[in-house]
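Each remark here refers to the structure printed beneath this line.
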Amino acid sequence: MQPIYRYFVQPQLNLLNNTVYGYELLIKQLTPDGWRLPESFAAISPQVTSDLLIATTKILGLKVRYCAVNISREQLVDTTVANAIIQSQVQLYPAKLVVELTEERSPKSYPDTMLIPHLRGFIEHGMQISLDDVGTGINDFKSIQEILPLASELKFALQNFRSDIKDPKIQQKLHFWCAISSEYGLRLILEGIEDAEDDQLSSHFDINLRQGYYYGKPRLLRLPGDPVDFEYPATN
């Protein structure tokens with residue numbers, strides 16, 4: 001039996017006016033224990049990703065200003081996935097599709113010189129580029145410096161660290177990326193806000209765009225024809 005995947009949508013809030021700014025699409029796999037994150041995103045066939053993305057964005061059109069989808073470096077250079085992303089932008093218009101370049105390590109190495117033409121192609125089709133999980137994994141400043149001029153958005157994920165936002169080291173990193181976002185004129189989204197304390201501390205950094213369980217958990221976006229028993233609880 002073929003694995004079943006669906007996208008879950010999680011709201012991104014603008015705290016300036018307390019509105020839903022956009023949605024991030026998070027792909028999950030149906031297992032006997034419910035919906036779970038896939039063990040390997042790279043193992044999902046490009047055609048499956050393509051078909052699912054197109055079906056999902058067709059539903060989300062006209063609902064939000066931005067719709068973000070996570071793409072690994074390996075998926076970025078795959079023609080099938082790239083074509084699906086372009087078609088999804090057409091369906092979402094006038095909303096923008098934000099391509100989040102994740103820091104997930106791929107089996108192969110993809111230098112920036114290979115990635116940049118693909119990113120520029122997306123921009124030419126009306127999309128925006130987001131650099132996900134900045135400051136962790138392979139998305140440190142040195143590694144993404146050449147891509148930064150193409151980006152419209154940075155995402156700093158508190159959940160990637162063992163400590164929380166009260167840790168001075170985390171605050172130092174956050175101050176750094178706030179400065180980078182300001183220097184390059186980029187949006188900065190703070191994700192991983194889990195509770196009221198995180199929310200309150202985040203306000204000290206003057207970051208209005210936020211995401212996390214405190215504002216809304218990812219929820220299953222059902223496709224036409226999906227059975228009712230797809231409604232398993234969403235889990236990490």
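Please read all numbers here as calculations on a predicted model, not as lab measurements.
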At what distance, to the nearest 0.5 angstrom, does [atom1] of [X] lie from [atom2] of [Y]?
X: Lys173; Y: Ile170; atom1: NZ; atom2: CD1; result: 7.0 Å
X: Thr49; Y: Ile27; atom1: OG1; atom2: CD1; result: 5.0 Å
X: Ile116; Y: Ile123; atom1: CD1; atom2: CD1; result: 10.0 Å
X: Leu115; Y: Ile147; atom1: CG; atom2: CD1; result: 5.0 Å

Please determine whether residues [X] and [Y] belong to a single hydrophobic cluster, defined as Ile, Leu, Val, Met, Phe, Trp and Tyr linked transitively by side-chain heavy-atom distances below 4.5 Å.
X: Trp177; Y: Ile189; result: no
X: Ile59; Y: Val98; result: no
X: Leu60; Y: Leu26; result: no
X: Leu209; Y: Leu188; result: no
X: Leu53; Y: Met127; result: yes

Ion pair check, Lys155 and Glu100, cut-off under 4.0 Å: yes

Considering all heavy atoms, the nearest [X]-[Y] contact:
X: Gly216; Y: Gln10; result: O-NE2, 3.0 Å
X: Leu52; Y: Thr56; result: O-OG1, 2.7 Å
X: Pro11; Y: Leu13; result: CB-CD1, 4.0 Å
X: Pro227; Y: Arg222; result: O-NH1, 3.0 Å
X: Arg6; Y: Ile4; result: NH1-CG2, 4.1 Å
X: Ala68; Y: Gln12; result: CB-NE2, 4.5 Å

Is there a side-chain contact (heavy atoms from CB on, under 4.5 Å) between Leu158 and Glu191? Walk through the geometry before answering. CA-CA 6 Å; Leu158 292 175; Glu191 59 178 333; over 6 Å; no

Quick one: does [X]'s side chain get under 4.5 Å of [Y]'s, heavy atoms only?
X: Cys178; Y: Ile207; value: yes
X: Phe122; Y: Ile85; value: yes
X: Val48; Y: Tyr5; value: yes
X: Leu76; Y: Leu119; value: yes
X: Leu221; Y: Phe8; value: no
X: Ser181; Y: Phe156; value: no
X: Ser88; Y: Val69; value: no

Between [X] and [Y]: side-chain donor-acceptor atoms closer than 3.5 Å:
X: Asp199; Y: Tyr215; result: yes
X: Thr31; Y: Asp33; result: no
X: Gln87; Y: Asn83; result: no
X: Gln47; Y: Thr80; result: no
X: Gln211; Y: Glu24; result: yes
X: Ser130; Y: Glu153; result: yes

Taking the cut-offs as 6.0 angstrom to the six-membered ring centre and 45 degrees off its axis, would you call Arg187 and Tyr21 a cation-pi pair? no

Has the side chain of [X] got a donor or acceptor atom that lies under 3.5 Å from a matching backbone atom of [Y]?
X: Arg120; Y: Leu150; answer: no
X: Thr57; Y: Ile54; answer: yes
X: Gln75; Y: Ser72; answer: yes
X: Ser50; Y: Pro46; answer: no
X: Lys96; Y: Gly126; answer: yes
X: Asp226; Y: Leu223; answer: yes

Between Tyr66 and Tyr23, is the ring centre distance below 6.0 Å?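 For Tyr66 and Tyr23, the ring centres are not under 6.0 Å apart.
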
Go through it in stages, so that I can follow the logic: the residues are Tyr7 and Lys28, the test is side-chain contact (heavy atoms from CB on, under 4.5 Å), and I'd like the CA-CA distance, side-chain angles, deciding distance and then a yes or no. CA-CA 6 Å; Tyr7 277 113; Lys28 294 193 177 187; over 6 Å; no

Students often mix this up, so state it plainly: with edges at 30° and 60°, are the rings of Phe205 and His175 parallel, tilted or perpendicular? tilted

Could you check Leu190 against Leu174 for side-chain contact (heavy atoms from CB on, under 4.5 Å), going step by step and ending with a plain yes or no? CA-CA 9 Å; Leu190 183 60; Leu174 195 46; 4.0 Å; yes

Is it the case that over 12 heavy atoms from other parts of the model lie below 6.0 angstrom from the CD atom of Glu146?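 No, because the 6.0 Å sphere around CD of Glu146 holds 12 heavy atoms or fewer from other groups.
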
From CA spacing to verdict: side-chain contact (heavy atoms from CB on, under 4.5 Å), Gln91, Lys58: CA-CA 6 Å; Gln91 293 180 154; Lys58 188 174 183 179; 3.8 Å; yes

